[in-house]
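The structure under discussion appears below in the form of structure tokens.
Note that these values count all heavy atoms, side chains included, but never hydrogens, waters or copies made by symmetry. So that the names make sense, note that chain A is the first sequence line, chain B the second, and so on, each numbered from 1.
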Amino acid sequence: MITLAHYLTVSAALFTLGLLGVLTRRNAVNVLMGIELILNSANLNLVAFSRYGTGNLQGQLFAVFVIVIAAAEVAVALAIVLTLYRLRRTPNLDEADFLRG
Amino acid sequence: MSAEAAVFYVFAVITVGAAAVVVLARSLIYSAFALLFAFFGVAGLYVLLGADFLAATQLLIYVGGILVLLLFGVMLTHKLYDLDLKSEVTQFLPAAIICAGLFILLAWPIEIAFSLPRFGNVRILGALWQTSWATGTGRPAGPTTEEIGRLFMSTYLLPFEAASVLLLVALMGAAMIVRRRKDA
């Protein structure tokens, strides 16, 4: 019997793996991949609650909005990464220290 | 084990395994292709949850759009003759400890009970397995696309339009940011 908690466990695993990627990678594109994993885990939670809840579709609608936000986020973030690469010739985040005093 | 449980475990293993490869692989290209399998696994879980429209959207937007965009990002931020697109790893051990602890707190699925001399009986079980979720009857299986479309055009019309404006602004902003300025 697959319950809500099974899906939430998968989602928690995705979230912690995405967080690990965000915390440990130096490459900006790889950090973005971790963020995508985190957004996917949130979506999985929303859809699971929609399925096991009272039977309305609000969770799925919210998940569609999350996907829209993710698309906009990755477009803007990649634009910033490309600009950073043009300025510093590196995709590594810890070398982007222009504002350090 | 029922068929539903078997399919669930297959997709769960695909998703979590691919996500682990995304995070742990040395090469950026391996990470990107593992991300493809992670997105596919999540789409399979959506199908299992009865969200057919969302599964198709996941495949179209994540696999067709976001993943391709990320691959462009990989290609454009490295010299193409760079064969080893390595991604360096920093502060791995503390981050791994934090993330493992977070997962155990949230979702450790199998109860472990033992006793320590100072603390007495210790019981390890994730928080979400101890919560009694207010589950309802759930949604009967069936297509969801028509109802989602109806809701977007009635109850959720304002957020729908706001999302479309957001997409337009984000795409124009992205184009503005990467544009080469003449004066700079």
Examine [X] and [Y] and state if one hydrophobic cluster contains both, with Ile, Leu, Val, Met, Phe, Trp and Tyr joined whenever side-chain heavy atoms are less than 4.5 Å apart.
X	Y	answer
B:F40	B:I29	yes
B:L67	B:L167	no
B:F37	B:L24	no
A:F62	B:W133	yes
A:L8	B:I104	no

Tell me, yes or no, whether the heavy-atom count around [X] atom [atom1], taken from other residues, nucleotides or ligands under 6.0 Å, exceeds 12.
X	atom1	result
B:R150	CZ	no
B:Q130	CD	yes
B:F114	CZ	yes
B:F33	CZ	no
B:W129	CH2	yes

Segment of [X] engaging chain A (4.5 angstrom heavy-atom cut-off):
X	result
B:A162	neither
B:L128	both
B:L35	side chain
B:P94	neither
B:L48	both
B:F72	neither

Out of [options], which one racks up the most heavy-atom pairs below 4.5 Å with chain A?
options	answer
B:A12, B:A100, B:A5	B:A5
B:S31, B:A32, B:A163, B:G73	B:S31
B:T135, B:T90, B:V42	B:T90
B:V169, B:I98, B:L69, B:L106	B:L69
B:V89, B:I66, B:V16, B:T131	B:I66

Nearest non-hydrogen partners of [X] and [Y], listed with the distance:
X	Y	value
B:A95	A:L23	CB-CB, 3.8 Å
B:L166	A:A72	CD2-CB, 4.3 Å
B:V22	A:R25	O-NH2, 3.5 Å
A:T9	B:A107	CG2-O, 3.6 Å
B:L49	A:Y52	CD2-CE1, 3.9 Å
A:M33	B:V74	CE-CG2, 4.3 Å

To the nearest 0.5 Å, tell me how far [X] [atom1] sits from [Y] [atom2].
X	Y	atom1	atom2	value
A:I2	B:Y9	CD1	OH	4.5 Å
A:R51	B:L45	CZ	CG	13.0 Å
B:L70	A:I35	CG	CD1	10.0 Å
B:L151	A:L61	CG	CG	5.0 Å

Which atoms of [X] approach chain B - backbone, side chain, both or neither, heavy atom under 4.5 Å:
X	value
A:L17	both
A:L37	side chain
A:L84	neither
A:A70	both
A:F65	side chain

Among B:F11, B:F8, B:Y46, ring pair (Phe, Tyr, Trp, His ring centres under 6.0 Å) partner for A:Y7: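 Passing option: B:F8.
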For chain B, which of [options] has the most heavy-atom pairs under 4.5 Å?
options	value
A:L32, A:V64, A:N92	A:V64
A:V68, A:D94, A:T54	A:V68
A:V81, A:N30, A:L19	A:N30
A:T83, A:V47, A:L57, A:V29	A:L57
A:V22, A:T90, A:I69, A:N43	A:N43
A:L14, A:V10, A:L20	A:L20

Please list, in residue-number order, every residue in residues 50-62 of chain B that has a heavy atom less than 4.5 Å from any heavy atom of chain A; write 'none' if there are none.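 Within residues 50-62 of chain B, the residues under 4.5 Å from chain A are B:G50, B:A51, B:F53, B:L54, B:T57, B:Q58, B:I61, B:Y62.
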